[in-house]
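Below, read A as the first sequence line, B as the second, and so on, with proteins coming before strands; counting in each chain starts at 1. These numbers were taken from a predicted model, which means no experiment stands behind them.
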Protein chains: 2
Amino acid sequence: MAITVCFSVFLLVNILQLNALPAFEYNQTSTAIVPKSIGQPWPMPAKYSSNSDLYSINSENFKFIATGESCDVLYQAFVRYRRILFGKDQEVLKFKPHGKHSKAGSFDILYVNQLNRCDTYPSLNSDESYTLSANASGLHLQANSVWGALRGLETFSEIVYQLDDGTFVINGTAISDVPRFKHRGLLLDTSRHYLSLKTIKDNLDAMAQVKYNVFHWHIVDDQSFPYQSSMFPTMSQEGAFDQRHIYSQSDIKSIIEYARLRGIRVIPEFDSPGHTQSWGKAIDNLLTKCYSGGKFNGNYGPIDPSVNTTFTFLINFFKEIAELFPDKYIHLGGDEVSFSCWKSNPDITKFMAEMGFASNYSRLEEYYMQNLLDIISDLKKGYIIWQEVIDNGATVSADTVVEVWKSGYPAELEKITKLGYQTILSSCWYLNYIKYGSDWLPYYMCDPHNFNGTAKQKELVVGGEACMWGEYVDDTNLMSRTWPRASVVAERLWSAVDSISDTAGVQDRLEEHRCRMVKRGFPAESINGPGFCRDEFVPHE
Amino acid sequence: MAITVCFSVFLLVNILQLNALPAFEYNQTSTAIVPKSIGQPWPMPAKYSSNSDLYSINSENFKFIATGESCDVLYQAFVRYRRILFGKDQEVLKFKPHGKHSKAGSFDILYVNQLNRCDTYPSLNSDESYTLSANASGLHLQANSVWGALRGLETFSEIVYQLDDGTFVINGTAISDVPRFKHRGLLLDTSRHYLSLKTIKDNLDAMAQVKYNVFHWHIVDDQSFPYQSSMFPTMSQEGAFDQRHIYSQSDIKSIIEYARLRGIRVIPEFDSPGHTQSWGKAIDNLLTKCYSGGKFNGNYGPIDPSVNTTFTFLINFFKEIAELFPDKYIHLGGDEVSFSCWKSNPDITKFMAEMGFASNYSRLEEYYMQNLLDIISDLKKGYIIWQEVIDNGATVSADTVVEVWKSGYPAELEKITKLGYQTILSSCWYLNYIKYGSDWLPYYMCDPHNFNGTAKQKELVVGGEACMWGEYVDDTNLMSRTWPRASVVAERLWSAVDSISDTAGVQDRLEEHRCRMVKRGFPAESINGPGFCRDEFVPHE
């Protein structure tokens, strides 16, 4: 065991700013630009204090030791964070799954005390809180659940930093952390462009770095159907861009497992009844035939709710989805349904009359959604839906999560929560809308509690999602457009609102965070103008 | 030797569109989207015709044979294009540097007949014309210079394509090509962010793919001075971001050689007297001291033209630059000079009075530029300058190239050419200004001849430059933001204006071009909305 020493304290105190948030300044004569944030975490923990005591970390022999409960998720995190921290795999990790370990005051060990048995899969109500301390008695992380332990390990990996001479150090630190919102998601769209498994997994790593806990996988849409169904294999055969652009069942399982190990839920979206052009290529009579001048004109509209075969298909299809994806929730879409094709079709007109819908096509949409929601409920799953489903008056089950994406979101959040539904916000976080220059501050300032409502209404806001729609991104540019921009949404969703309401210093921490992403191998782009990272991104060879 | 065959002509004719521009359509039942352009070059050659005759190419034994003059540039291009075409290095290339080779009607050889001895370095007046043919008598490329041969090899590599079964084929083709403009440049900025040698070389490869012939290297600016001078090594020691962010003399020589082998001139820009904050850190008294309330306020302004030491420094500094960079031209900048610091400085005020400049600071700027231009002329170099130098009334030598970058470029081009100077345009091609969606058409439609002027004036427009200023790009995102967007400027500068005035089909060719870039390993982003490349970009492992 290494002896605990305050590494060169006299020298270091000179160059350390003795604030709660420690900051270095380089010698002005040797560098042009002064990194103002070193060893500060992103997102900011709920309670965070640090002091100028500086402890060295023995990187050669560093160990994570589990003093409480443990499991594969924790063990694999130890391996991962050792590599993240010290840049290589350690051949042997001392892993003590049960039993108490006496405090040794040593600094080559992080003691991880996880109090409860590991959950196998994260959920909306997972406990992600943890405490983390570095002081004379050593390095200690405590959490109620393995998901909290993961969050604490990430924070630990960020507050350890390297001095110029290569020494790893940590400041005296006390952290008590808990997320402000429990649903913190990132949407990726694999229909407008295909994304490789590598890119999706890189995103999951980047998400874990900023404590996102939901990967909202907008897997199919009008443009392509890359989901390879077991029961309906022709859907991807006919609907994918080509057969190199599909996700097999085992591909999807590998993504779910990769996410699970990082405490990230995978919520697939199979958006209907609109946005389904690619579904219809293989499934006869699923889509509505559009008419012109009394004849089928060759075009198709939304799913046809007037025929029983539609719901037979949906029962079988979503049964497969419900079995493949372990999460409690499925995203059912329900946005942007165009009525023009329904209006043109004589069979739909007849069905509307039989049902007594008059010419109110919102009622037809509601009819479709209500049937679909019942199918999902029968499968013992919950659902997330885009706001239009509620706007059109459908009745949904009490644990439904409604995703608000349109402009005018404060009024919508007020309405949805007044109805008693849980809600998540994405309106202000469409990261695909790029513009020149530094664009992150409006994302950062958008707050999901920015609406008129009671405390009870505010509690129904369970979080939000950053969205990277896929029209203009694929494997060539998705990572650099998404990161570090998605990180500012992650901080808004994690950190205590008072701790981030003062934006002074945020840019400096964000710069450090970006460079930390780059050092981990992600092409997180520059978003604050001229500058550099000490360790720059190494381009593709 | 492979036997020339029309590969499966009957089948192929069915799926070939028998137009001058051949196009494939995939079987509609197996793919969602129809690639509409296959085997078409970008930029469009001056004269291009193809027919439905389809010749197979023996990729295993394919050879380039030089039947005329040859040299290292041509030889290395043969190696490079064999790898680009067929994906691997061939252990032995049959290379016949001199002597005639009889036509064999064979299709495992491209005969390259270069008529004149190789130039060692390209210039503004290099002959880049070539002819290329594929017909029953074989594959033939002819050029007056090695630079033309390079352009023809690139075109050849684009019109050869692979069928679904892996067979390489080429349509019967007749091309007679010559660039419309002789200066076709791309500016990269390594001061606002550092770019690795790998990224710069990747750009040179991408530039060669679209026949750019000038790399305008905006190497230093206010923010950092990564150029490591032999004579003034303290300039990068003090002025670079840090010592991992510099270009050594040998780094620069490697870039120049990499560019030369691709027929690309490297024109360095050392912008002065403004944009020089980073220069002043190591060179005493070079920058003007700014005054407030009668005292030096700690800030510095543009280079100080009132002291002789300035010009002594410039003579020595630019002597080194002139020796390092083989190109005839150096870019001297001269843009955006702020007068406020000059106005505040009492020594400058005194100098102005002595020189009889009254309070006309444009005359001081002109005085500085005139001295600098004389220094460069004495070094037997030509110069490129930003438009302000002319706008401020400086007299420049007859072979000067004036770069127009401000808005209102038609009037400026008219003025510059009326004065008899050569000019290049970049105003409408600032690629760093990104926006959401498909933004390439305005770049494509901008034409350097879009101004009122005589034929003689139009002739003075020698080309243009796309600019990727570095405020928000570095190794993480430079390639994907620059490409394929810079390609549309390259076509505007290369292709005959009548051949591209009809933009029908341009988007399809651009899509094919982007996918060809992706297949070559460049992360050229999607710029036309949803879709895919058969061979997608493979992200960094």
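- For the atom pair CH2 (B/W483) and CG (A/N477), the distance works out to 16.0 Å, reported to the nearest 0.5 Å.
- Between the OH atom in A/Y472 and the CG atom in B/N528 there is a gap of 7.5 Å [rounded to 0.5 Å].
- Within the 4.5 Å cutoff, no side-chain heavy atoms of B/K435 are placed close to those of A/I434.
- You'll find the side chain of A/V538 stays beyond 4.5 Å of the side chain of B/D475, heavy atoms only.
- For B/H193 against A/P530, the heavy-atom pair with the smallest separation is CE1-CA, 3.8 Å.
- Contact of B/I527 with chain A is made through the backbone alone, with heavy-atom distances under 4.5 Å.
- Of the residues considered (B/G529, B/A524, B/S480, B/G470), B/G529 shows the highest number of contacts with chain A, using heavy-atom pairs under 4.5 Å.
- Side-chain contact between B/V518 and A/T476: present, with at least one pair of heavy atoms (C-beta onward) separated by less than 4.5 Å.
- Between the CG atom of B/D242 and the CZ atom of A/F532 there is a distance of 5.0 Å, given to the nearest 0.5 Å.
- Residue contact with chain A, scored on non-hydrogen atoms closer than 4.5 Å, involves the backbone and the side chain of B/S438 alike.
- Relative ring orientation between A/Y433 and B/Y436 is described as perpendicular, the plane-to-plane angle rising above 60° on a 0-90° scale split at 30° and 60°.
- Between A/E525 and B/R481, at least one side-chain nitrogen of the basic residue sits less than 4.0 Å from a carboxylate oxygen of the acidic one, meeting the salt-bridge criterion.
- For A/Q162, the side-chain hydrogen bond (donor to acceptor under 3.5 Å, both in side chains) criterion is met by A/K519, not counting sequence neighbours.
- Panel note: side chain A/H245, backbone B/C533; a donor-acceptor pair is recorded below 3.5 Å.
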